[in-house]
There are 2 protein chains.
Amino acid sequence: MATIIDVAKQAGVSIKTVSRVMNNQANVRDSTRRRVRDAMASLNYSPSDAARQMRLGKSTAIGMLYSDPGSSYQSRLNQSMIQACSDAGRYLVVGLFNEDDDDWVGQLQAFLARTKVDSMVLVPPMCDSENLKACLNDASVKYVLLSPSSPTPGVSAVTMDDRKAAREMTEHLLDYGHERIAHIAGHPDHVASFLRRQGFEDAFTERGMPGPDSSQVASGNFDFRCALSAAEKLLTSPNPPTAIFAASDDMAAAVYMAAGKLGLSIPEDISITGFDDVPIAQTIWPALTTVAQPLDNMAKDAVRVLSNSLAPTTKDANSNFLVAPHKIITRESCGVPSANRRG
Amino acid sequence: MATIIDVAKQAGVSIKTVSRVMNNQANVRDSTRRRVRDAMASLNYSPSDAARQMRLGKSTAIGMLYSDPGSSYQSRLNQSMIQACSDAGRYLVVGLFNEDDDDWVGQLQAFLARTKVDSMVLVPPMCDSENLKACLNDASVKYVLLSPSSPTPGVSAVTMDDRKAAREMTEHLLDYGHERIAHIAGHPDHVASFLRRQGFEDAFTERGMPGPDSSQVASGNFDFRCALSAAEKLLTSPNPPTAIFAASDDMAAAVYMAAGKLGLSIPEDISITGFDDVPIAQTIWPALTTVAQPLDNMAKDAVRVLSNSLAPTTKDANSNFLVAPHKIITRESCGVPSANRRG
DNA sequence: GTCACAAATGACAAGGTTGTCTTTTTTTGA
DNA sequence: TCAAAAAAAGACAACCTTGTCATTTGTGAC
């Protein structure tokens, strides 16, 4: 393994100059800079994480705290983050976060002290805690927010356009000819629930159709059981919907169960769509049409921001939102509304 | 943060002696050892990972490579490992492993070089590769095998008793009065598939019953689609089973779908059990009776072994298998065989 | 051509740990 | 009791990087 000394020798400069080049510091002649860069490349040099960590008291790892580690969403995100870190030559240290423990700041501090990570990605619901953000500022740990409820001035955030995605998903159903479409919304505390519901309504407004009345929107709390009973109520109502758009795949799976219980077949009797594209979407049958969250891209952007390869735009508070493009995944859970149920 | 120098001062010894005590080296008087230990405790000292890493060229992190990161099993294992590491004051570095890339050793070496982990847990299928194990030996990286196919002399392994668990799961079905029980086996390359099938047959043998004929055992490859068609074939056969034991929860979910398609209700018409206890077991309805793999305990044992708190028993090659106790999780997917289907 | 000043570069220490080698202390055997 | 050997403890360097401060080189004005 080449060290900074080898590079210095090869370039004919002092180690300090090499260090300056590495860290993009000022006061280095362009010609010198080039010479050092060449030497680094030819020796295939990469700086020692340990030495840096010792000098600076920080590691170059990226930290991430989970709060709901069982969820498929977290699992997918985790995978995307590992991949993104790996691609960027960094690595990920994950920790468990206990939402029920009141001492959020204490938990974060313990994690920082133990891992010495120099940067973090903050996922929901931690990304909305002012205390946590203040704590990171104090510790001068760089951070990115992932899908936060609202922008924080001067802090970069990566996210997707929940509202637009929900609108597109609804339009997909509308395109099939569905008119009575119900929505099972997520947990009221999550901004995503609100945005997805808005997108759902946008689709009707845009086409000049009367919006769905409130009886067609049920709360599912992002919870299977809750969504199950909501779906049963919806499907057994006097004028049942011909399509149901659930705000998460897990809740969509619950709609499948409800439909199964009532002897309705998918997509002949009822069309169903979800949101997230977690593994269950492909496990259930027929496979679920859903919105794929661009977690790979979001993770890549997050790592880029933390590695300074992507400068946060600083024009205004909103502009350092990086919005990754989503995708509608069309599978087999949607069809035209059946005549016998529309009458 | 206290350093080794502070401890040395407080104990009235040289830093080297403190180092000796920390690393359990010889040539330290018991009285001195005690004095140093007290000083460490009173100063709440913990050694700097970075300094160690610099001196030794290794970090104290535990590494783990995923190959099938989407799977619920890996996700649960990951969670258990994070928790176990956290409890032991260590941390986990996870990486992606590409099974399809032929250069397994190269991938491992790259991971070791980048992360400098001093120990690893090897999960299936990597834990069965002699090349990988040789590579770790060469690099003198400590490692534990998690659920390997066969023991490796001198190497600790943590595992569960697949065969016994499968027997118990089958007995559970037998206890309900089922006589025609089918089994959907896993991928033939996995030893777990073989052991679970053996356990399935053990249950019959032990009760002096005729073993199930081969038409009652189908191969599901641990794959949803594959299990789906196997289940359909089984359930539409002339003398269909009254219960199906699938070798994984995902495959059990496929059985649910097959039953739904055929208008069979669970557990009235057909009893179903799974294996693994991954999230889907509780998501599907009715909730699945299954075997809970003791991943928390296995992870804890693995970390203990790697931290030397648990010496591998070295009496013989088989005895350094740590077998963690499993549990049968009884939910709502089993019932007595229905009369109308038995005649 | 000289001086003042700025820009570029370098020498050196520090950070916390462990290996090597040396010194001190204790034990053993006569 | 003393020498010799063994055990215990210590001094110091090395690991690789970056911050501080000193030195050299270059620039522009007189």
Side-chain angles (χ1 to χ4, degrees), chain A residues 1-40 43-61 89-90 113-118 140 142 308, chain B residues 1-40 43-61 89-90 113-118 140 142 308:
Chain A
M1 254 329 240
T3 74
I4 196 173
I5 301 177
D6 303 319
V7 176
K9 268 191 197 135
Q10 167 125 359
V13 296
S14 72
I15 53 171
K16 179 66 229 198
T17 300
V18 177
S19 170
R20 269 189 270 257
V21 172
M22 264 196 294
N23 299 288
N24 285 318
Q25 289 170 352
N27 296 337
V28 180
R29 228 188 301 275
D30 275 354
S31 57
T32 312
R33 203 178 284 273
R34 220 170 9 246
R35 214 147 25 98
V36 172
R37 287 252 159 78
D38 289 349
M40 295 202 298
L43 290 169
N44 196 17
Y45 166 78
S46 86
S48 149
D49 201 42
R52 276 196 168 155
Q53 184 172 341
M54 188 149 95
R55 191 66 181 77
L56 305 171
K58 304 206 159 204
S59 100
T60 62
R90 306 188 63 164
R114 203 153 47 74
T115 63
K116 301 269 172 59
V117 294
D118 78 329
S140 58
K142 272 196 284 192
N308 279 333
Chain B
M1 263 313 251
T3 75
I4 197 173
I5 301 177
D6 303 321
V7 176
K9 269 190 197 134
Q10 167 124 0
V13 297
S14 73
I15 53 173
K16 179 66 229 198
T17 300
V18 177
S19 170
R20 268 189 270 259
V21 171
M22 263 195 294
N23 299 286
N24 286 316
Q25 289 170 352
N27 297 334
V28 180
R29 231 188 298 277
D30 275 354
S31 57
T32 313
R33 205 177 284 273
R34 220 170 8 249
R35 209 144 32 92
V36 172
R37 287 250 160 78
D38 289 348
M40 293 202 300
L43 290 169
N44 194 19
Y45 166 77
S46 87
S48 149
D49 200 42
R52 277 196 166 155
Q53 184 172 339
M54 189 148 95
R55 191 67 181 77
L56 304 171
K58 304 207 161 214
S59 98
T60 62
R90 304 190 64 165
R114 203 153 45 75
T115 64
K116 302 268 170 57
V117 294
D118 78 331
S140 59
K142 273 197 283 193
N308 278 333

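Here the structure is a predicted model, which is why all the values come from computation and not from measurement. A, B, ... follow the sequence lines: proteins, then strands. Residue 1 opens every chain.
B/Lys9 has its NZ atom 13 Å from the P atom of D/dA11, to the nearest Å. Atom CE in B/Met40 sits about 11 Å away from atom P in C/dT17, given to the nearest Å. B/Asn23 places its CG atom 11 Å from the P atom of C/dT17, with the value rounded to the nearest Å. In this structure, A/Lys116 atom NZ and D/dT17 atom P are separated by 19 Å, rounded to whole Å. Computed from coordinates, the B/Asp30 CG to C/dT26 P distance equals 15 Å when rounded to whole Å. Put simply, CG on A/Leu56 is 16 Å from P on D/dC16, counting in whole angstrom units. Between the P atom of D/dC12 and the CZ atom of B/Arg55 lies a distance of 16 Å, rounded to the nearest Å. The interatomic distance linking B/Arg33 (CZ) with D/dA8 (C1') rounds to 11 Å, in whole Å.
Across every non-hydrogen atom of B/Ala11 and B/Arg35, the tightest pair is O-NH1, 2.7 Å. Heavy-atom minimum distance, A/Ala61 versus A/Val117: O-CB, 3.5 Å. The heavy-atom pair separating B/Arg37 from B/Asn24 by the smallest distance is NH2-OD1, 3.3 Å.
A sub-4.0 Å separation between OP1 or OP2 of C/dG19 and a side-chain N or O of B/Gln25 is present. Dashed line: the shortest gap from a side-chain N or O of B/Ser14 to OP1 or OP2 of D/dG10 is under 4.0 Å. Under 4.0 angstrom from either OP1 or OP2 of C/dT9 there lies no side-chain N or O belonging to A/Asn27. Checking the phosphate oxygens (OP1, OP2) of C/dT9, a side-chain nitrogen or oxygen of A/Thr32 falls inside 4.0 Å. Residue B/Thr17 places no side-chain N or O under 4.0 Å from the OP1 or OP2 atom of D/dA9. Under 4.0 angstrom from either OP1 or OP2 of D/dC16 there lies no side-chain N or O belonging to B/Gln53.
Under a 4.0 Å N-O distance rule, the pair B/Arg90/B/Asp118 qualifies as a salt bridge.
Judged by closest nucleotide on DNA chain C, B/Arg52 is the one of B/Arg52 and B/Arg29 placed further toward the 5' end.
Nearest to the side-chain atoms of A/Met54 among the listed nucleotides D/dT17, D/dA11, C/dG16 stands C/dG16. The side chain of A/Lys16 lies closest to D/dT18 when the candidates are C/dT17, D/dT18, D/dT17. Distances from the side chain of A/Ile4 to the nucleotides C/dG19, D/dG19, D/dT18 place D/dT18 closest. Residue B/Pro47 has its side chain nearest to C/dT17 when only C/dA13, C/dT17, D/dG10 are considered. Of the listed nucleotides (D/dG10, D/dT17, C/dT18), C/dT18 has the atom at the smallest distance from the side chain of B/Ser19.
Base contact: A/Ile15 has a heavy atom under 4.0 Å from a base atom.
Put simply, CE on B/Met22 and OH on B/Tyr45 are 3.5 Å apart, with the number rounded to the nearest 0.5 Å. With rounding to the nearest 0.5 Å, the separation of CG in A/Asp38 from CG in A/Leu43 is 11.0 Å.
For A/Arg20 against C/dA8, no side-chain N or O and base N or O form a donor-acceptor pair under 3.5 Å.
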